[in-house]
Structure formats: C-alpha cells, structure tokens
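Atoms within a ligand are numbered from 1 in the order they appear, just like the ligands themselves. Computed from a prediction, not measured in an experiment: that's the story for all the values here. Heads up: numbering here begins at 1 and tracks the sequence.
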Amino acid sequence: MATENKNLSVYDKAAIPNAKNLRFGIVVSEWNETITEALYQGAFEALTDCGALPDNILRWNVPGSFELTFGCKKMLTSQKVDAVIAIGSVIRGETSHFDFVCSATAQGIKDLNIAYDIPVIFCVLTDDNLQQSIDRSGGKHGNKGTEAAIAAIKMASI
Ligand SMILES: Nc1c(NC[C@H](O)[C@H](O)[C@H](O)CO)[nH]c(=O)[nH]c1=O
Ligand SMILES: CC(=O)[C@@H](O)COP(=O)(O)O
C-alpha cells in the first residue's frame, strides 16, 4: 500500500503498549530542518500521547541523514534508551547524490538493528520534491514522525 492510501498519523491507542516506563532517543538531521522539525514534533507528540515522559525523550542533532547512522550508534551505545528514532529528510537534487545518501542511510540503520539489541526506527523521508516531504511531515498524508514513534513503542515492547 502506498503512503497516498494510508494516513501516517492514524493509530489505535488501545492497541499500543503504554510507554510510561520506556526511554527514547531521537537523532535528528539538520538538512531540510523545516521538514525534520515537523517530523520530530510528530514523534514527540505521539510518544507523550502514548504515555512517554518528556524527560525520557533524549534528542541529539546531526548535520545530515548520512550522519544518522553514527549518531544513532553513539546514542544507543552511550545512553540508556529502549529505542532510537532516526529522523531525516532527503530530497532529490540534480545528481545521483540522492541515491547514495538514501541507500547508505537505510543500510546503515538496518545494520545497527542487526549489530545491537536496541531497535532503531527508520524515520527518513526520501522524496523527489519538497511537496512530497511536506505531505508526509504533517500534511495530507499525515506525519511519518508519528508513525515512527508508534513503531518505536511497539519494538521496544517486544
Ligand atoms: N542532500 C541532502 C543531504 N546531504 C548531506 C549528507 O546527508 C551528509 O550530511 C553530507 O554528505 C556530509 O557527510 N542530507 C540530507 O539529510 N538531506 C538531503 O537532501
Ligand atoms: C540528496 C542530495 O544530496 C541532493 O539534495 C544534493 O543535491 P544535488 O544532487 O543537486 O547536488
């Protein structure tokens, strides 16, 4: 199912474990910060709506999505967290750089999930244009940050 057929912000609170005893790390890329800040707000609000305490949500920033892998690794190896959310926004430009950044970031985060016992959630938009990013960070398709927060709670509760 494509995103256009699914609102990223819709969740059934009754089907989600209470997050009051969980600690979350959120690593946020500063590239396309208008988008990543909206994703962060969506994640933060969903986590607290499901019981997480604001003091149990730790945020770090990194320059770009490529640095998310290193930032998440440092977070989960040095901080007491039950899940980490990696937030980024990659928007296609004129060159093939988009493909390398997206692939490296996705593979890096996947590798962290294999190497460590802490779930790292992939909240990285990989869009062809800014409108697609706007639509998925609180626009007509909802907020991928919300979706990522729910995934983090569920994975931390396995
Ligand atoms: N073009 C985008 C980037 N590029 C920067 C890289 O992520 C990285 O920070 C740089 O190559 C130095 O290592 N990053 C994004 O997150 N979004 C983009 O659209
Ligand atoms: C995702 C990118 O790295 C991209 O936005 C950079 O733009 P360009 O390919 O025009 O250099």
Tabulation required: pairs of a nitrogen or oxygen in ligand 2 and a protein nitrogen or oxygen under 3.5 Å; columns are atom names and distance to 0.1 Å; otherwise 'none'.
from, atom 1, to, atom 2, distance (Å)
ligand 2, 3 (O), His97, ND1, 2.4
ligand 2, 5 (O), Ile91, O, 2.9
ligand 2, 9 (O), Glu94, N, 3.3
ligand 2, 9 (O), Thr95, N, 2.9
ligand 2, 9 (O), Thr95, OG1, 2.5
ligand 2, 10 (O), Glu94, N, 2.7

Polar side chain donor-acceptor pair, Gln107 to Asp111, under 3.5 angstrom | no
Taking 4.0 angstrom as the limit, do Lys154 and Glu147 come out as a salt bridge?
-> no
Compare all side-chain heavy atoms of Asp128 with those of Ile91 and state whether any distance is below 4.5 angstrom.
-> no
Flag for Asp127-Ser133: side-chain donor and acceptor within less than 3.5 Å | yes
Looking only at heavy atoms, what is the nearest atom pair of Ile85 and Cys123, with distance?
-> CG2-CB, 3.9 Å
Hydrophobic cluster of Leu58, others only, ordered by chain and residue number, side-chain cut-off 4.5 Å | Val27, Trp60, Val62, Leu68, Met75, Leu76, Val81, Val84, Val90, Phe98, Val101, Ile109, Leu112, Tyr116, Ile118, Val120, Phe122, Val124
Hydrophobic cluster (4.5 angstrom, side-chain heavy atoms) - remaining members for Phe66 | none
Please determine if Asp82 and Arg23 form a salt bridge, counting it only when a charged side-chain N lies under 4.0 Å from a carboxylate O.
-> no
May I ask you to say whether Lys13 pairs ionically with Asp49, meaning some side-chain N is under 4.0 Å from a carboxylate O?
-> yes
Write down, by chain and number, every protein residue that brings a non-hydrogen atom to less than 4.0 Å from an atom of ligand 1.
-> Ser29, Trp31, Asn32, Gly64, Ser65, Phe66, Glu67, Ser89, Val90, Ile91, His97, Val101
